[in-house]
Trainee: 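The structure under discussion is supplied below as structure tokens; questions concerning it will follow.
All residue numbers in this chain count up from 1 along the given sequence.
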Amino acid sequence: MEFRTFQKQWGAEFISDDVVRFRVWAEGQKELTLRLAATDVPMTATGGGWFQADVPGVRHGAEYQFVLQDGMAVPDPASRAQKGNVNGPSVVIDPRRYQPVNRDWAGRPWEETIIYELHIGTFTPEGTFRAAIDKLPYLAELGITQLEVMPVSQFGGSRGWGYDGVLLYAPHSAYGTPEDFHAFIDAAHGLGLSVVLDIVLNHFGPEGNYLPLLSPAFFDAQRMTPWGNGIAYEREPVRQYITDAPLYWLTEYRLDGLRFDAIDQIKDGSDTHVLEEIAAKIREAIPHRHVHLTTEDSRNVIFLHPRDEQGNAPLFTGEWNDDFHNAAHVFATGETHAYYQDFAFEPEKKFARALAEGFVYQGEVSLQTGESRGAECRTQPPQFFVDFIQNHDQTGNRAQGERLISLAGADKTRVLLAALLLSPHIPLLFMGEEFGETHPFLFFTDFHGDLAKAVREGRAKEFTGHAGHDETVPDPNDVNTFVRSKLDWHKIATDEGKTWLRYTRHLLTLRHRHIVPLLHPLGAVEGHVLKTAPGMVAVCWRFPSGTLSLALNIGIKPVALPAMAGETRFAWPEVTDVLPPNGIVVRFADGEAPL
């Protein structure tokens, strides 16, 4: 498979071996200068707010900036790399320099997907792409098939979750160079691991965003997001920047997919929604590799996820199912603050519906908002739903960043992990979950001055009245908040860590052996709730080849096991006629089975 570069419509592009075209939309400037090393080159206005300069003799690694009419030097908004932080020079990158070893890699089918979400900065002590490579054999041996990397686009400071990126085409320099990220992806492919990148197209971060100076029309002041002004997707130069970014990452870095963050905040009045355009362009441009596109959307909608007669997804593949997490969390912890109040009444029934059908809210009125939420989702196959019992958001958006194991206890967490991994939905593990990590994952940033003060005070105010809140919400800008969020890799050598790993590895082996084959054939799948009681849930899924059943009990008393036909595939802690406290049973019956 030939390695391909991507010709961006913004930024610095080699148009021949030693000639680079620098191009930027700067409709807010009357004139613009390219500062290339120590030389200033006037840029030509080519119409419509575009400025361009074709410069010979430019080599890979050359530093450059754009100089505004008032003399201020700013980075390229479409920079492929930064010399240092978001405010410094951009770097010319020749993407032809990196040739992958595993060039024939074509990805893995979606049905095989077991996602491992990781944050590069806290995944290893070093917090770099290169250091993360050393952990990949461990994940492949465990049974993981897909790495979902939290956003890496360059953001302000050295520490952060990545959702405040401002240079959408540049890997964060604190994690390493573009070549380092290439090497990480290539090494994963060599071990049979797909790599998906979390990408943010709904806003730009508060530090290092110079687009308002270059092109004020890039944003729409009438269209606000929770993080600032919305983006004017209807304007053609803006649309080019936004639609090119996903294709760039998939093409130039040979990623296996993207997770699109908070798409409910991508408001576009165009005839064709920008997300539909992005997905259609990706499918057209990359037809011969498995490329998986998932969305995060609090609305519980499915209009971006149609299926053709063969069961393929012509646009987006699946969606993060926050309802599953929220229902499981309330079921296990009893917490009912904030958005958890929507799952407070009869939580066992809501968790059962999440397992059997996917979304809990399919048009019902939310107690939190007073408005209806969600769409009927029975037409979606079970692998449409990406489920999790913890992730970066649901852990890090707690004041103290506690993981589920610290809130519900190891016994309940173990049962919910088995339900997650042995259901027919696509499971996601958050880094460290596989070995029972108890280190928190906190919200951390690296801002300074007034911005740091605003983030610190806003974070403390956000948790007033929330469970787990006290007067000591960790300061996001304190480096120790970041350090505390790093994984404790020493734990996997402890008896407790080894026990958790054996348990997780066994569940993943069972999933590959028994669950994944059910997801390949075409045919309708029906999910049904068999029984619920306080602390107890039993559900089944009817596939063309047979019926998969699951029953669990996290209550304090044993309960009778409901009628579940078939052979026991998994039982914890042991096979009995009753469900003991913190017990789970999974069975499969070939062919027709009564409900």
Trainee: Can you see which heavy atom on R289 is nearest to which on L250, and at what distance?
Mentor: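 That closest heavy-atom pairing would be NH2-O, 2.8 Å.
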Trainee: Please check: side-chain N/O of S366 versus main-chain N/O of E371, any donor-acceptor pairing under 3.5 Å?
Mentor: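 No, the answer is negative, given that no donor and acceptor are paired below the 3.5 Å cut-off.
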Trainee: So, H273 side chain and I266 main chain: donor-acceptor pair closer than 3.5 Å or not?
Mentor: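 Yes; at least one donor-acceptor contact below 3.5 Å.
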Trainee: With heavy-atom distances below 4.5 Å as the criterion, would you say the side chains of L142 and L501 are in contact?
Mentor: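 Touching, per the 4.5 Å side-chain cut-off.
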Trainee: Set out, in order, the CA-CA distance, both residues' side-chain angles and the distance that settles ring pair (Phe, Tyr, Trp, His ring centres under 6.0 Å) for F324 and F359, then state yes or no.
Mentor: CA-CA 7 Å; F324 180 92; F359 295 147; over 10 Å; no
Trainee: Would you give the length of the straight line joining atom CD1 of I302 to atom CD of E376, rounded to the nearest 0.5 angstrom?
Mentor: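 Reported value, rounded in 0.5 Å steps: 7.0 Å.
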Trainee: Using a 3.5 Å distance criterion without hydrogens, assess whether the side chain of T504 forms a donor-acceptor pair with backbone atoms of E434.
Mentor: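 Yes, the answer is positive, given that a donor and an acceptor are paired below the 3.5 Å cut-off.
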Trainee: If you define the side chain from C-beta out and look only at heavy atoms, does anything of M150 sit under 4.5 Å from I120?
Mentor: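 No; the side chains remain at least 4.5 Å from each other.
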Trainee: Between E364 and K350 (salt bridge meaning N to carboxylate O under 4.0 Å), is one present in this structure?
Mentor: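 Here E364 does not pair with K350 in a salt bridge, since their nearest N and O are not under 4.0 Å apart.
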Trainee: Less than 4.5 Å apart, any side-chain heavy atom of V578 and any of L561?
Mentor: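 They are not in contact (no side-chain heavy atoms under 4.5 Å apart), so the answer is no.
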Trainee: Step through the shown structure and confirm whether more than 12 heavy atoms of other residues, nucleotides or ligands are within 6.0 Å of CZ on F345.
Mentor: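 Counting neighbours around CZ of F345, 12 or fewer heavy atoms of other residues, nucleotides or ligands fall under 6.0 Å, so no.
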Trainee: Between D387 and H425, is there a side-chain donor-acceptor contact under 3.5 Å, judged purely by atom types and distance?
Mentor: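 A pair is found: one side chain offers a donor N or O, the other an acceptor, under 3.5 Å apart.
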Trainee: Establish, yes or no, whether a centroid distance under 6.0 Å links the rings of F430 and H325.
Mentor: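 Here the rings of H325 and F430 have centres that are no less than 6.0 Å from each other.
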Trainee: So with a 6.0 Å cut-off around CZ of R505, is the heavy-atom count from everything else above 12?
Mentor: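 Atom CZ in R505 is crowded, with more than 12 foreign heavy atoms closer than 6.0 Å.
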Trainee: Only one of H520, Q146, H512 forms a side-chain contact (heavy atoms from CB on, under 4.5 Å) with E112, so which one is it?
Mentor: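 Only one option passes, and that is H520.
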Trainee: Are side-chain N/O atoms of R403 and S406 paired as donor and acceptor at under 3.5 Å?
Mentor: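 There is no such pair (donor and acceptor under 3.5 Å, judged by atom type) between the side chains of R403 and S406.
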Trainee: Could you tell me which non-hydrogen atom of S485 sits nearest to which non-hydrogen atom of T122, and how far apart they are?
Mentor: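 S485 and T122 have their closest heavy atoms at O-CB, 3.6 Å.
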Trainee: Checking side-chain polar atoms at under 3.5 Å, does N202 have a donor or acceptor matched by the opposite partner on W227?
Mentor: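 Judged by distance alone, the side chains do not pair up.
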Trainee: For L407 and E335, run side chain to side chain contact (heavy atoms under 4.5 Å, CB included): C-alpha distance rounded to whole Å, both residues' side-chain angles, the deciding distance at 0.1 Å, then the answer.
Mentor: CA-CA 10 Å; L407 299 169; E335 290 186 351; 4.2 Å; yes
Trainee: Go through the steps to decide whether E437 and D488 satisfy the test side chain to side chain contact (heavy atoms under 4.5 Å, CB included), and finish with yes or no.
Mentor: CA-CA 7 Å; E437 175 65 286; D488 179 12; 3.6 Å; yes
Trainee: Could you point out which residue of D322, I115, N321 forms a side-chain contact (heavy atoms from CB on, under 4.5 Å) with F388?
Mentor: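 Per the side-chain contact (heavy atoms from CB on, under 4.5 Å) rule, the option paired with F388 is D322, out of D322, I115, N321.
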Trainee: Taking it one step at a time, do L508 and L421 satisfy side chain to side chain contact (heavy atoms under 4.5 Å, CB included)?
Mentor: CA-CA 7 Å; L508 292 178; L421 296 180; 3.9 Å; yes
Trainee: Minimum heavy-atom separation for E357 to C377, with atom names?
Mentor: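 That closest heavy-atom pairing would be O-SG, 3.4 Å.
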Trainee: Counting C-beta onward and ignoring hydrogens, is there a side-chain heavy-atom pair between H329 and L404 closer than 4.5 Å?
Mentor: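 With C-beta onward as the side chain, the pair touches.
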Trainee: Hey, which of W249, F316, W320 is the one that makes ring-ring contact (aromatic ring centres under 6.0 Å, His included) with F260?
Mentor: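 Option passing the ring-ring contact (aromatic ring centres under 6.0 Å, His included) with F260: F316.
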Trainee: Please determine whether a side-chain nitrogen of the Lys or Arg among R569 and E567 lies less than 4.0 Å from a carboxylate oxygen of the Asp or Glu.
Mentor: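 Between E567 and R569 there is a salt bridge, with a charged N closer than 4.0 Å to a carboxylate O.
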Trainee: To the nearest 0.5 Å, how far apart are CD1 in I405 and CG in L416?
Mentor: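 Nearest 0.5 Å value for the CD1-CG distance: 11.5 Å.
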Trainee: Show, in sequence, the C-alpha distance, side-chain angles and deciding distance for K135 and F123, and conclude whether the side chain to side chain contact (heavy atoms under 4.5 Å, CB included) test is met.
Mentor: CA-CA 9 Å; K135 300 295 185 184; F123 182 55; 3.6 Å; yes
Trainee: Would you say N391 and Q394 make side-chain contact, with heavy atoms under 4.5 Å?
Mentor: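 Touching, per the 4.5 Å side-chain cut-off.
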Trainee: Mark yes when over 12 heavy atoms from residues, nucleotides or ligands other than K349 sit less than 6.0 Å from its NZ; otherwise mark no.
Mentor: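 Atom NZ in K349 is not crowded, with 12 or fewer foreign heavy atoms closer than 6.0 Å.
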Trainee: Less than 4.5 Å apart, side chain to side chain, heavy atoms only: is that true for W500 and T413?
Mentor: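 Yes, side chains in contact.
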Trainee: For residues M224 and Q265, report the shortest heavy-atom separation together with the two atoms involved.
Mentor: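 For M224 versus Q265, the nearest heavy atoms are O-OE1, 4.1 Å.
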Trainee: In this structure, is the centre-to-centre distance between the rings of F331 and F343 below 6.0 Å?
Mentor: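 No, the ring centres sit 6.0 Å or more apart.
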Trainee: Determine whether a donor-acceptor pair (N or O, by modelled atom type, separation under 3.5 Å) exists between the side chain of R587 and the backbone of M564.
Mentor: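 Yes, R587 side chain to M564 backbone: donor-acceptor pair under 3.5 Å.
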Trainee: For N326 and D342, test the side chains for any donor-to-acceptor distance below 3.5 angstrom and give the result as yes or no.
Mentor: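 There is no such pair (donor and acceptor under 3.5 Å, judged by atom type) between the side chains of N326 and D342.
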Trainee: Surrounding CD of Q310 (heavy atoms of other residues, nucleotides or ligands, distance under 6.0 Å), is the total greater than 12?
Mentor: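 Yes - once you tally the heavy atoms of other residues, nucleotides and ligands closer than 6.0 Å, there are more than 12.
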Trainee: I'd like to know if the side chain of N300 reaches the main chain of G374, judged simply by a donor and an acceptor atom lying under 3.5 Å from each other, with no hydrogens or angles considered.
Mentor: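 Judged by distance alone, no pair lies under 3.5 Å.
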Trainee: Tell me if a side-chain donor or acceptor on Q341 pairs with a main-chain N or O of A338 at a distance below 3.5 Å.
Mentor: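 Indeed, once roles are kept as given, a pair shorter than 3.5 Å links the two residues.
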Trainee: Taking H292 for its side chain and R108 for its backbone only, find out whether a donor-acceptor pair lies under 3.5 Å.
Mentor: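 Answer holds: yes.
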Trainee: Classify the side-chain pair Y233/E277 by whether it contains a donor and acceptor separated by less than 3.5 Å.
Mentor: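 Not at all, the side chains of Y233 and E277 share no donor-acceptor pair under 3.5 Å.
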Trainee: Can you give me the closest heavy-atom contact between I515 and P424, atom names plus distance?
Mentor: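 That closest heavy-atom pairing would be CG2-CA, 3.9 Å.
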Trainee: Got V301 and D264 here, is their nearest side-chain heavy-atom distance under 4.5 Å?
Mentor: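 No. Closest side-chain heavy atoms not under 4.5 Å.
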Trainee: Quick check for you: to the nearest 0.5 Å, what is the distance between I199 atom CD1 and L293 atom CG?
Mentor: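 Interatomic distance, I199 CD1 to L293 CG, rounded to 0.5 Å: 10.5 Å.
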Trainee: Apply salt bridge (charged side-chain N to carboxylate O under 4.0 Å, His left out) to D198 and list each qualifying residue two or more places apart in sequence or on a separate chain.
Mentor: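 Salt bridge (charged side-chain N to carboxylate O under 4.0 Å, His left out) list for D198, sorted by chain: R259.
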Trainee: Look up atom CG in L201 and atom CD1 in I263, then write down how far apart they are to the nearest 0.5 Å.
Mentor: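 If I round to the nearest 0.5 Å, the distance is 10.5 Å.
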Trainee: With rounding to the nearest 0.5 Å, note down the distance linking CZ in F351 to CD in E348.
Mentor: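 Those atoms lie 11.5 Å apart.
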Trainee: Give a yes or no on this: more than 12 heavy atoms of other residues, nucleotides or ligands lie within 6.0 Å of atom CG of D308.
Mentor: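 Counting other residues, nucleotides and ligands, CG of D308 exceeds 12 neighbours.
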Trainee: Check whether any side-chain heavy atom of L420 lies under 4.5 Å from a side-chain heavy atom of L429, and answer yes or no.
Mentor: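 Sidechains of L429 and L420: in contact.
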Trainee: For H290 and D256, indicate whether the former's side chain and the latter's backbone hold a donor-acceptor pair under 3.5 Å.
Mentor: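 Judged by distance alone, no pair lies under 3.5 Å.
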Trainee: With distance as the sole test, does T145 use its side chain to make a donor-acceptor pair with the main-chain N or O of I114 at under 3.5 Å?
Mentor: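 Looks like yes, one N/O pair under 3.5 Å.
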Trainee: Could you give the distance from CD (E117) to CD (E433), rounded to the nearest 0.5 Å?
Mentor: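 Nearest 0.5 Å value for the CD-CD distance: 10.0 Å.
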Trainee: Report yes or no: do H203 and D164 form a side-chain donor-acceptor pair below 3.5 Å?
Mentor: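 Short answer, yes.
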Trainee: Of all heavy-atom pairs between K491 and F435, which one has the smallest distance, and what is that distance?
Mentor: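 Reported closest heavy-atom pair: CE-O, 3.8 Å.
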Trainee: Looking at K557, is its backbone amide N or carbonyl O close enough to the side chain of N553 to form a donor-acceptor pair, meaning the two atoms are under 3.5 Å apart?
Mentor: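 It does hold such a pair.
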Trainee: Ring centroids only, cut at 6.0 angstrom: are F384 and H305 within range, meaning strictly under it?
Mentor: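 Between H305 and F384, which both carry aromatic rings, the centre distance is below 6.0 Å.
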Trainee: Using the ring centroid of each side chain, check whether W161 and F482 are separated by less than 6.0 Å.
Mentor: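 Not under 6.0 Å, so no.
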Trainee: Kindly say whether the aromatic ring centers of Y503 and W572 come within a distance under 6.0 Å.
Mentor: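 Yes, they do, as the ring centres are separated by less than 6.0 Å.
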